[in-house]
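A quick write-up on the structure given underneath.
Note that these values count all heavy atoms, side chains included, but never hydrogens, waters or copies made by symmetry. Residue numbers count from 1 along this sequence. In this text, all values refer to a predicted model and were calculated from it rather than measured experimentally.
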Amino acid sequence: MQQQQVTKKNERVEEVFNLFITHIQRFLEEAKLNHEEYTNFVKWADRLGRKGELPLFADVFFESHVLNAMYRDKPGTQPSLLGPYFLDGSPLIESVPGQPSVLTQRPDEEGEVFYFKGNVKNTDGKPLANTKVEIWHNDNSAKYSGFDSDAPKYNLRGHLYTDDNGDFEVKTIVPLPYSIPTEGPTGEFLTYMDQHSMRPAHLHIMFEKEGHETLITQVFFEGDEWLDTDVAEGVRPDLMTKLEDYGDHKRASLDFIMRTDE
């Protein structure tokens, strides 16, 4: 007879689960759903899971609120969404002193040439040398490699390390605003809410440094028409920068502050 595996009780899981059930029950009471409405809700949630859109829905409607609650009163750069388009295993892009690192891209990559420069410090103002900087963003068709694009898997993705002063610079193309997927249950929900599906243009950046809390954030650009109505509510004032036009290319910069591990 096969021995049944015994799972050890997890008090934190029990605590969170009980809160979840309690609030869902209160929500159902407050919403005064009839049985047909409740059944439709369950079927919609089932489609959300079967279509693999639960992470997308959670990113759009929940993650920003969780991050705001966690970090609004803490020092350092505010985090933003990891998003559903992150890929592990991006290539290391070469760093040459005095020159920007070139983000992985096709030889004929379309789009406006863009130089982005940043500096990384801790909350005490100390420059953080040799910090891993992971960068990814969409292409000139507003698509992400490895997902809805025909580009190579790690196109416009890569990581590099800060120099002794905590500085880094990367050459890439200007990212574009884009719509989250709308063909499935998430798009259906947006239609019911009469809500658009657009996100403003942004860079995704993740910083990793021993002894410090990993910082996952995004960089946004002044003047984007979707900043104030970002469907994912991921925009933060301290994540804004200005795109400077230099004729044949554009430039922007932003400084970042990492928190030490608690």
Handout entry: Single hit among L87, D139, N138 for side chain to side chain contact (heavy atoms under 4.5 Å, CB included) with Y144
Key =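 With Y144 as partner, side chain to side chain contact (heavy atoms under 4.5 Å, CB included) holds for just one option, N138.
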Less than 6.0 angstrom separating the ring centers of [X] and [Y], yes or no?
X	Y	value
H249	Y115	yes
Y192	W44	no
H137	Y178	no

Practice task
For the residue pair Y85 and F147, categorise the inter-ring angle as parallel (less than 30°), tilted (30 to 60°) or perpendicular (more than 60°).
Solution key: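 Ring orientation, 0 to 90° scale: perpendicular.
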Practice task
Report the relative orientation of the aromatic rings in F189 and F57; use parallel for angles under 30°, tilted for 30 to 60°, perpendicular for over 60°.
Solution key: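 Perpendicular.
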Handout entry: Closest non-hydrogen atom pair, R259 against P75
Key =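 Taking every non-hydrogen atom into account, NH1-O, 2.7 Å.
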Exercise for the section: Could you pull out the closest heavy-atom pair between K153 and S145, with the gap in Å? Expected result: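 In terms of heavy atoms, the two residues are closest at O-OG, 2.9 Å.
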Does [X] have more than 12 heavy atoms from other residues, nucleotides or ligands lying within 6.0 Å of its [atom1]?
X	atom1	value
D228	CG	no
E110	CD	no
D194	CG	no
K74	NZ	yes
D164	CG	no
R50	CZ	no

Quick check for you: to the nearest 0.5 Å, what is the distance between [X] atom [atom1] and [Y] atom [atom2]?
X	Y	atom1	atom2	value
L190	Q195	CG	CD	5.5 Å
L215	I257	CG	CD1	10.0 Å
D245	D248	CG	CG	9.0 Å
D163	L128	CG	CG	11.5 Å
I135	H159	CD1	NE2	11.0 Å
K43	Y38	NZ	OH	12.0 Å

Practice task
Verify salt bridge (charged side-chain N to carboxylate O under 4.0 Å, His left out) between R26 and E29, making sure each step is shown before the conclusion.
Solution key: CA-CA 5 Å; R26 288 176 181 169; E29 290 176 8; over 6 Å; no
Handout entry: For F221, ring-ring contact (aromatic ring centres under 6.0 Å, His included) partners two or more places apart
Key =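 Only F114 meet the ring-ring contact (aromatic ring centres under 6.0 Å, His included) criterion with F221.
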Exercise for the section: Please check if V60 and F62 belong to a single hydrophobic cluster, counting links between Ile, Leu, Val, Met, Phe, Trp and Tyr side chain heavy atoms closer than 4.5 Å. Expected result: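 Linked within one cluster.
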